**Student:** 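Attaching a single structure in structure tokens format; questions to follow.
Treat the numbers as computed from the prediction; the structure is a model and nothing was measured.
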Amino acid sequence: MEDNMIGRYLKELRKKKGLSQQDLANLLNVSKQTVSNWEVGRKAPRMKAVSKMAKLFDVPKASIMAGLPAETVLQANKEWDKYQVDKVIEISDGNLKFTYKGHKVPKEYINMLEKLMRCDIADEAKKL
């Protein structure tokens, strides 16, 4: 995974909470190796694990998926809200190439975004 922001952020959250990799693994019902794989960037956590970690660490799911502190994600959202977006793009359109700051967004990141959006939409629907 590019830059391993998610892994570094998970490690930081885990350490702030005073948890070992084994402690976190036990809380999430995964193996210690799975937690290690997330932290070193070999694998990304699935949405079920992201949801559990968001509750455990008291941060938004988007914060974990972005690998950034909640304050940074919230500030970015405020900055984004300043812009009027006239073009609507369907993220599931396989013919589009997504970039961020001039770099191609890896397919696994797009998949994570889709999962995150499905999860958030389902959460909102439950509230109705």
Side-chain angles (χ1 to χ4, degrees):
M1 296 195 137
E2 274 187 22
D3 206 0
N4 192 28
M5 291 175 59
I6 295 171
R8 282 197 308 264
Y9 185 55
L10 289 177
K11 185 174 183 177
E12 178 184 325
L13 290 171
R14 176 179 61 77
K15 288 188 171 204
K16 279 184 185 176
K17 201 75 155 160
L19 299 172
S20 67
Q21 285 184 342
Q22 186 63 59
D23 294 334
L24 181 58
N26 292 342
L27 290 167
L28 299 175
N29 295 319
V30 298
S31 70
K32 178 184 177 285
Q33 185 64 41
T34 296
V35 173
S36 175
N37 284 338
W38 295 339
E39 290 186 1
V40 297
R42 276 192 284 274
K43 295 189 177 184
R46 295 179 185 230
M47 285 310 300
K48 186 175 179 181
V50 169
S51 294
K52 286 181 180 181
M53 286 187 284
K55 289 178 185 171
L56 175 68
F57 298 129
D58 193 29
V59 298
K61 290 179 271 191
S63 177
I64 292 174
M65 296 301 294
L68 296 168
E71 305 79 37
T72 305
V73 172
L74 293 173
Q75 183 60 37
N77 286 342
K78 286 179 187 173
E79 291 295 319
W80 180 253
D81 287 343
K82 291 179 187 176
Y83 300 99
Q84 293 290 325
V85 179
D86 295 330
K87 192 183 254 185
V88 176
I89 299 172
E90 177 66 32
I91 195 167
S92 62
D93 185 345
N95 296 324
L96 297 173
K97 301 281 189 247
F98 292 94
T99 62
Y100 178 73
K101 294 185 178 180
H103 299 283
K104 184 178 177 196
V105 176
K107 180 69 176 160
E108 60 266 21
Y109 282 22
I110 294 169
N111 292 340
M112 284 189 275
L113 285 170
E114 289 174 336
K115 289 178 184 178
L116 179 62
M117 285 187 262
R118 278 195 302 270
C119 189
D120 284 346
I121 290 167
D123 288 349
E124 287 301 314
K126 288 178 189 175
K127 293 177 186 176
L128 299 177

**Student:** If you take all heavy atoms of Ala49 and Leu28, which pair is closest and at what distance?
**Tutor:**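 Looks like O-CD2, 4.3 Å.
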
**Student:** Name the one of Arg8, Lys11, Gln21 that satisfies side-chain hydrogen bond (donor to acceptor under 3.5 Å, both in side chains) with Glu39?
**Tutor:**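 In the set Arg8, Lys11, Gln21, the residue that makes a side-chain hydrogen bond (donor to acceptor under 3.5 Å, both in side chains) with Glu39 is Gln21.
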
**Student:** For the residue pair Lys61 and Ser51, what are the closest heavy atoms and their distance?
**Tutor:**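 Closest approach of Lys61 to Ser51, heavy atoms only: CD-OG, 3.5 Å.
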
**Student:** Is any side-chain heavy atom of Arg14 less than 4.5 Å from a side-chain heavy atom of Trp38?
**Tutor:**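 Counting from C-beta outward, Arg14 and Trp38 never come under 4.5 Å.
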
**Student:** State the CZ-CD distance between Phe57 and Glu12, to the nearest 0.5 angstrom.
**Tutor:**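 The distance works out to 10.5 Å.
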
**Student:** Drop me the distance from Met65's CE to Met47's CE, to the nearest 0.5 angstrom.
**Tutor:**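 Reported to 0.5 Å precision, the distance equals 5.5 Å.
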
**Student:** Tell me, do Lys17 and Asp23 make a side-chain contact under 4.5 Å, heavy atoms counted?
**Tutor:**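 Not touching, per the 4.5 Å side-chain cut-off.
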
**Student:** Looking at every heavy atom in both Ala66 and Ile6, which two are closest together, and how far apart are they?
**Tutor:**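 Closest approach of Ala66 to Ile6, heavy atoms only: C-CG1, 4.5 Å.
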
**Student:** So which heavy atom on Pro69 is nearest to which on Tyr9, and how close?
**Tutor:**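 So the minimum-distance heavy-atom pair works out to CA-OH, 3.4 Å.
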
**Student:** Report the C-alpha separation of Leu56 and Leu13 in whole Å, then their side-chain angles, then the decisive distance to 0.1 Å, and conclude whether the side chain to side chain contact (heavy atoms under 4.5 Å, CB included) test is met.
**Tutor:** CA-CA 10 Å; Leu56 175 68; Leu13 290 171; over 6 Å; no

**Student:** State, to 0.1 Å, how close Ala54 and Pro60 come at their nearest heavy-atom pair, and which atoms those are.
**Tutor:**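 What the structure gives for the nearest pair is CB-C, 4.2 Å.
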
**Student:** If you apply the rule side chain to side chain contact (heavy atoms under 4.5 Å, CB included), what do you find for Leu24 with Leu10, and how did you get there?
**Tutor:** CA-CA 10 Å; Leu24 181 58; Leu10 289 177; 5.8 Å; no

**Student:** Would Asn37 and Thr34 count as having a side-chain donor-acceptor pair, cut-off 3.5 Å?
**Tutor:**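 No.
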
**Student:** Using side chain to side chain contact (heavy atoms under 4.5 Å, CB included), reason through Lys43 and Gln33 one step at a time and then give a plain yes or no.
**Tutor:** CA-CA 11 Å; Lys43 295 189 177 184; Gln33 185 64 41; over 6 Å; no

**Student:** Taking atom NZ as the centre, does Lys52 end up with more than 12 heavy-atom neighbours from other residues, nucleotides or ligands that are less than 6.0 angstrom away?
**Tutor:**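 Yes, the 6.0 Å shell around NZ holds more than 12 heavy atoms from other groups.
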
